[in-house]
Novice: 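Before I ask anything, here is the structure I am working with.
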Amino acid sequence: MCGRFTQFSNPDELAELFSVREFAAFIPEPSYNLAPKQFLRAIVGHENRRLGALRWGLVPAWAKSEEIGQKLINARAETLAEKPSFREAFKKRRCMIPANGFYEWRKSAKGKVPMYIYQKSEKPFALAGLYEIWRTPAGESLGTCTIVTTEPNSLMASIHNRMPAILSPANIDSWLDRSISETAQLHQLLQPFPSEKMAAYKISSLVNSPKNNSEACFKPVSLSDASTEIS
DNA sequence: CCAGACGTTGTT
DNA sequence: GTCTGG
DNA sequence: CCAGACGTTGTT
DNA sequence: GTCTGG
C-alpha cells in the first residue's frame with residue numbers, strides 16, 4: 001500500500017521534469033510527510049498538463065457525503081476497471097502524482113520499522129493516480145484522488161506486499177491521455193517499476209505522527225542505517 | 001421491487 | 001450511478 | 001499509513 | 001476493536 005509519501009521539489013523543477021504547461025492558483029506547500037485527507041500536488045491534463053491540488057482520498061461522483069474518501073486512498077491496479085468506485089475515473093480521469101519518495105512500515109519481530117523508498121537518481125517520479133471532481137451538497141467542487149497500487153518489485157517485496165504504481169517516463173503521456181480507455185493498454189502502463197532504479201533505508205519513528213512533516217522524517221535514523229540501505 | 005454497498009491492507 | 005442481495 | 005479517541009447532560 | 005483525524 002502507499003499511505004504516506006514526500007513531495008518537496010519546487011513547482012518549477014516539476015514543470016521542467018514532467019512537461020507541465022500550466023499552474024493552478026493553489027499548489028500545496030512541500031511536505032515531507034503527506035498523509036491521507038491532505039491536499040497534494042497532482043498533474044492532470046494531456047495536451048496541457050496542469051500542476052494543481054487534489055485532496056487524497058477519492059470521493060466518487062455518486063457519493064452523498066465525502067466520508068467515503070477516507071477509505072479510498074489506494075486502488076488496486078488489477079481491478080481498476082471493475083470497481084464501481086474507480087471505473088469511471090479509470091476511463092476518463094487519470095492523473096499523476098509527483099513524489100520524491102514514499103514510506104512503508106516493514107514488520108519485524110520487534111514491531112513495525114518505518115522505511116523510506118526513493119529513486120536512486122534522487123529525482124522525483126510519477127505515481128499513477130485517479131481523480132474525481134465531487135460536487136458538495138452546497139454546490140462547490142472538491143477535487144479528490146487515489147493512488148494506484150501494484151505488485152511489489154524485488155526491492156519492495158522485502159518490505160511490503162504492495163507498492164505504489166510508478167509510471168515510467170515513457171508511459172506518463174499515455175496514462176494522462178483521455179482518449180485512451182482500453183483496459184489492457186492502460187494496465188500495461190502499470191507494471192512494477194524496476195527495482196534497480198530504487199533504494200530504501202530505515203528511518204526514525206518521527207514519521208509516524210502525521211502531524212510531523214519536517215525534513216527529519218525521511219532522514220536515516222543513523223549513519224549505520226544509511227550505509228546498510230537496501231538496493 | 002427497494003435497500004445497501006460501493007475499498008485496501010494486514011492478520012488470523 | 002450501478003450492481004448485488006433479499 | 002499511524003495516532004488518538006471512543007460520552008451525555010446541562011450550563012455558560 | 002473500530003472509527004476519525006491528519
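Every chain is numbered from 1, with letters handed out A, B, ... down the list of sequences.
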Novice: Under a single-linkage definition using a 4.5 Å side-chain heavy-atom cutoff for Ile, Leu, Val, Met, Phe, Trp and Tyr, are L189(A) and F18(A) assigned to the same hydrophobic cluster?
Specialist: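 Yes; tracing contacts between hydrophobic side chains, which count when under 4.5 Å, links both residues.
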Novice: Minimum heavy-atom separation for L190(A) to T150(A), with atom names?
Specialist: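 Looking at all heavy atoms of both residues, the closest pair is O-OG1, 3.6 Å.
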Novice: What pairs with I73(A) under side-chain contact (heavy atoms from CB on, under 4.5 Å), at least two apart in sequence or on another chain?
Specialist: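 With sequence neighbours excluded, I73(A) shows a side-chain contact (heavy atoms from CB on, under 4.5 Å) to M1(A), P36(A), W56(A), given in chain and number order.
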Novice: When hydrophobic residues are tied together by side-chain contacts of less than 4.5 Å, even through go-betweens, does L40(A) share a cluster with L142(A)?
Specialist: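 Per the 4.5 Å side-chain linkage, L40(A) and L142(A) are not co-clustered.
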Novice: Roughly how far apart, to the nearest Å, are dC1(D) and dT9(B) at atom C1'?
Specialist: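 Nearest-Å result for dC1(D) against dT9(B) at atom C1': 10 Å.
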Novice: In the single-linkage hydrophobic clustering (I, L, V, M, F, W, Y; side-chain heavy atoms under 4.5 Å), do V148(A) and M96(A) co-cluster?
Specialist: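 They do share one cluster, since a chain of ILVMFWY contacts under 4.5 Å joins V148(A) to M96(A).
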Novice: Sticking with atom P, work out how far dG10(B) lies from dC2(D), rounded to a whole angstrom.
Specialist: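 My reading of the P atoms in dG10(B) and dC2(D) gives 10 Å.
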Novice: Shoot me the first and last contacting nucleotide of DNA chain B against chain A, ordered 5' to 3', at under 4.0 angstrom to non-hydrogen atoms.
Specialist: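 For DNA chain B, the relevant span reads dC6(B) to dT11(B).
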Novice: Please measure how far the P atom in dT4(C) lies from the corresponding atom in dG7(B), and state the result in whole Å.
Specialist: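 Taking atom P in both dT4(C) and dG7(B), they lie 12 Å apart.
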Novice: Which label fits Y116(A) and F218(A): parallel for a plane angle under 30°, tilted from 30 to 60°, or perpendicular past 60°?
Specialist: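 Ring orientation of Y116(A) relative to F218(A): tilted.
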Novice: Here's a test for you: under side-chain contact (heavy atoms from CB on, under 4.5 Å), which of N48(A), L51(A), I43(A) qualifies with R21(A)?
Specialist: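 Of the listed options, the one satisfying the test is N48(A).
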Novice: Show your working on salt bridge (charged side-chain N to carboxylate O under 4.0 Å, His left out) between E22(A) and R49(A) and close with a plain yes or no.
Specialist: CA-CA 6 Å; E22(A) 296 174 14; R49(A) 293 189 194 175; over 6 Å; no
Novice: Using the P atoms only, state how far dG1(E) lies from dT8(B), rounded to an integer number of Å.
Specialist: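 Nearest-Å result for dT8(B) against dG1(E) at atom P: 24 Å.
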Novice: Could you run through nucleotides 1-6 of chain E and give me one letter per nucleotide, 5' to 3': B if any protein heavy atom sits under 4.0 Å from the base, S if only the sugar-phosphate is that close, - if neither?
Specialist: ---SBB
Novice: Should L206(A) and I203(A) be regarded as members of a common hydrophobic cluster, given that ILVMFWY residues are connected when their side-chain heavy atoms come within less than 4.5 Å of each other, either directly or indirectly?
Specialist: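 Different clusters: L206(A) never reaches I203(A) through Ile, Leu, Val, Met, Phe, Trp or Tyr contacts under 4.5 Å.
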Novice: Go through S214(A) and Y32(A) one step at a time and tell me if the side-chain contact (heavy atoms from CB on, under 4.5 Å) criterion holds.
Specialist: CA-CA 6 Å; S214(A) 75; Y32(A) 298 97; 5.8 Å; no
Novice: Which ranges of DNA chain B pair up as stems, where a stem means three or more consecutive Watson-Crick or G-U pairs with both distances under 3.5 Å?
Specialist: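 For DNA chain B the paired stretches long enough to count as stems (3 pairs minimum) are B:1-6 with C:1-6.
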Novice: Quick one: which residue pairs count as a ring-ring contact (aromatic ring centres under 6.0 Å, His included) with a foot in residues 128-161 of chain A, not counting sequence neighbours?
Specialist: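 As it turns out, there is no ring-ring contact (aromatic ring centres under 6.0 Å, His included) pair with a partner in residues 128-161 of chain A once direct neighbours are skipped.
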Novice: Side-chain heavy atoms under 4.5 angstrom apart, residues restricted to Ile, Leu, Val, Met, Phe, Trp, Tyr: same cluster for F86(A) and L54(A)?
Specialist: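 Per the 4.5 Å side-chain linkage, F86(A) and L54(A) are not co-clustered.
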Novice: Mind checking the C1' distance from dA5(B) to dG6(E)? Whole angstroms is fine.
Specialist: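 Going atom to atom, C1' in each nucleotide, I get 27 Å.
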Novice: Which value, in whole Å, describes the distance between the C1' atoms of nucleotides dC6(B) and dG5(E)?
Specialist: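 It comes out at 23 Å once rounded to the nearest Å.
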Novice: Using a 4.0 Å heavy-atom cut-off, does T79(A) contact any base of the nucleic acid, only the sugar-phosphate backbone, or nothing at all?
Specialist: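 Since only primed, P, OP1 and OP2 atoms lie under 4.0 Å of T79(A), the category is sugar-phosphate.
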Novice: Using a strict heavy-atom distance below 4.0 Å, which residues from residues 86-96 of chain A are in contact with DNA chain E?
Specialist: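 Per residue number, the list is empty: none.
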Novice: When all nucleic acid strands are considered with a 4.0 Å heavy-atom cut-off, which category describes T146(A): base, sugar-phosphate, or nothing?
Specialist: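 Result for T146(A) = nothing.
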Novice: Give a yes or no on whether a salt bridge exists between E13(A) and R41(A), defined as a side-chain N under 4.0 angstrom from a carboxylate O.
Specialist: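 A salt bridge is absent here (no side-chain N lies under 4.0 Å from a carboxylate O).
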